[in-house]
Amino acid sequence: LKEGICNIVLTQSGNNIFEKADPIFITIQVNRKIQYLDINMPSKLAFSDTMPFYSVASSGLPISFKISDPSIIKIEDNRLVALKPGSAIVEVTQVGNREYLPSSYYTQSVSVVKSTQKIFDFVCPTELAYLDKLFRLNAKSTSGLPISFYSTDSNVIKIKNDSAFIVSPGYCNVIAVQQGDVFYNAADNEIKYVKVLKAEQTVEFNKIGYLLYGDDPLSLNAASSSGL
């Protein structure tokens, strides 16, 4: 029924033929059962990961968890949830009851690393004319963090925030960058090769009528659309 010591006395009171027997005393020690923990818990997660794990006590009794730093990880329904990069110790035990002894302690070190991220939907024209002058850049990251843009040749294209300004004809790379933060590693850069072509121009030339030999010299007039 419970843990403890029980004394049992065996007697026989005799009858009209037999004398009363000497009593026999028996001492019984009742101990609680030993229980064991069966735990299979991951030791490494990435930020925002949720990973199931296995935990059971041989007694079938509920298990208790204690986390050294609850800001790093938490446990929900036998799942580890990574809250931010860092490390924490998970201590697992079962305190026992009237039938079972407390289990031995199980400890697991869990590290949370930064998550990876990618850049996608990078919008950047690859061929432009000099007169286009200004175009917008756009890209997204799987982390939701903002993207920065850079030009490899500011003599061809200058960039300010998400605006790109054409400076002169030529070639350069426009690079989309996300450098990461305390939760995410830097993303691999996305690169667009951009060609800026010379602008087209036209020439307007005044009409020339009929000329006769001996006429006075005729003034010519022409203009280019570029102003050159």
Side-chain angles (χ1 to χ4, degrees), residues 39-55 65-90 107-201 225-226:
I39 310 292
N40 186 3
M41 183 179 294
S43 60
K44 186 176 181 180
L45 296 88
F47 165 67
S48 80
D49 278 355
T50 298
M51 192 173 296
F53 65 92
Y54 179 80
S55 64
F65 301 94
K66 182 179 179 181
I67 300 172
S68 63
D69 189 342
S71 70
I72 303 295
I73 56 172
K74 66 178 180 179
I75 293 175
E76 291 182 346
D77 300 326
N78 269 27
R79 293 177 301 141
L80 277 179
V81 181
L83 302 177
K84 70 176 184 180
S87 60
I89 302 295
V90 180
T107 58
Q108 175 69 60
S109 176
V110 179
S111 62
V112 177
V113 298
K114 292 183 179 183
S115 287
T116 58
Q117 60 169 329
K118 293 182 179 180
I119 295 172
F120 67 102
D121 286 351
F122 181 20
V123 177
C124 174
T126 56
E127 186 171 295
L128 297 153
Y130 171 69
L131 291 180
D132 291 335
K133 290 298 182 183
L134 170 68
F135 60 96
R136 298 290 183 185
L137 300 169
N138 188 38
K140 300 175 183 177
S141 67
T142 54
S143 65
L145 296 173
I147 306 295
S148 299
F149 303 97
Y150 299 93
S151 169
T152 56
D153 190 343
S154 59
N155 292 318
V156 177
I157 293 176
K158 285 185 178 181
I159 295 175
K160 183 177 181 180
N161 299 325
D162 62 348
S163 298
F165 303 88
I166 295 175
V167 179
S168 66
Y171 306 89
C172 73
N173 289 324
V174 175
I175 306 172
V177 177
Q178 213 311 303
Q179 296 179 336
D181 62 4
V182 295
F183 300 105
Y184 289 92
N185 287 313
D188 290 336
N189 294 343
E190 289 290 322
I191 301 173
K192 296 285 188 179
Y193 179 72
V194 182
K195 177 168 60 176
V196 179
L197 305 174
K198 291 183 178 181
E200 295 182 353
Q201 64 173 327
S225 58
S226 66

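Position 1 is the first residue of the sequence; numbering continues from there. Not measured: the values here are computed from a predicted model.
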On a heavy-atom basis, which atom in [X] and which in [Y] lie closest, and how many Å separate them?
X: S163; Y: L134; value: CB-CD1, 3.9 Å
X: L80; Y: P42; value: CD1-CG, 3.7 Å
X: G170; Y: V156; value: C-CG1, 3.9 Å
X: F149; Y: N161; value: CD1-O, 3.7 Å
X: I119; Y: A176; value: CD1-O, 3.4 Å
X: L145; Y: Q178; value: CB-NE2, 3.3 Å

Got more than 12 heavy atoms from elsewhere within 6.0 Å of CD, Q201? yes
Quick one, V90 and M41 - any side-chain contact, counting heavy atoms below 4.5 Å? yes
When you compare the side chain of V113 with that of P85, does any pair of heavy atoms fall below 4.5 Å? no
Please enumerate all residues that pass ring pair (Phe, Tyr, Trp, His ring centres under 6.0 Å) together with F53, with sequence neighbours excluded. F65
Residues two or more places apart in sequence or in another chain: which of them pass ring pair (Phe, Tyr, Trp, His ring centres under 6.0 Å) with Y130? none
Among residues two or more places apart or on two chains, list those pairs meeting salt bridge (Lys or Arg N to Asp or Glu O under 4.0 Å) that have a residue in residues 44-53. none
[atom1]-[atom2] distance between [X] and [Y], expressed to the nearest 0.5 angstrom:
X: I147; Y: N138; atom1: CD1; atom2: CG; answer: 9.0 Å
X: I175; Y: I159; atom1: CD1; atom2: CD1; answer: 8.5 Å
X: S111; Y: I72; atom1: OG; atom2: CD1; answer: 10.5 Å
X: I67; Y: Q108; atom1: CD1; atom2: CD; answer: 12.0 Å

Go through the side-chain N and O atoms of S71 and D69 and say whether any donor and acceptor fall under 3.5 Å apart. yes
Could you please spell out the steps behind the side chain to side chain contact (heavy atoms under 4.5 Å, CB included) verdict for I73 and V81? CA-CA 5 Å; I73 56 172; V81 181; over 6 Å; no
For the side chain of [X] and the backbone of [Y], is there at least one donor-acceptor N/O pair under 3.5 Å apart?
X: K114; Y: D181; answer: yes
X: S68; Y: I89; answer: yes
X: S115; Y: F47; answer: yes

Enumerate the side-chain hydrogen bond (donor to acceptor under 3.5 Å, both in side chains) contacts for residues 140-160, please, sequence neighbours excluded, ordered by first and then second residue. Q117-S143, S141-S143
Apply the test side chain to side chain contact (heavy atoms under 4.5 Å, CB included) to residues V110 and L45: give CA-CA distance (whole Å), side-chain angles for both, the deciding distance (0.1 Å), then the verdict. CA-CA 8 Å; V110 179; L45 296 88; 3.4 Å; yes
Enumerate, atom names and distances included, each donor-acceptor pair closer than 3.5 Å involving a side-chain atom of residues 183-200, sequence neighbours excluded.
unit_1 : atom_1 : unit_2 : atom_2 : d
K195   : NZ     : E127   : OE1    : 3.4

Considering residues at least two apart in sequence or located in another chain, which fulfil the side-chain contact (heavy atoms from CB on, under 4.5 Å) criterion with P70? none
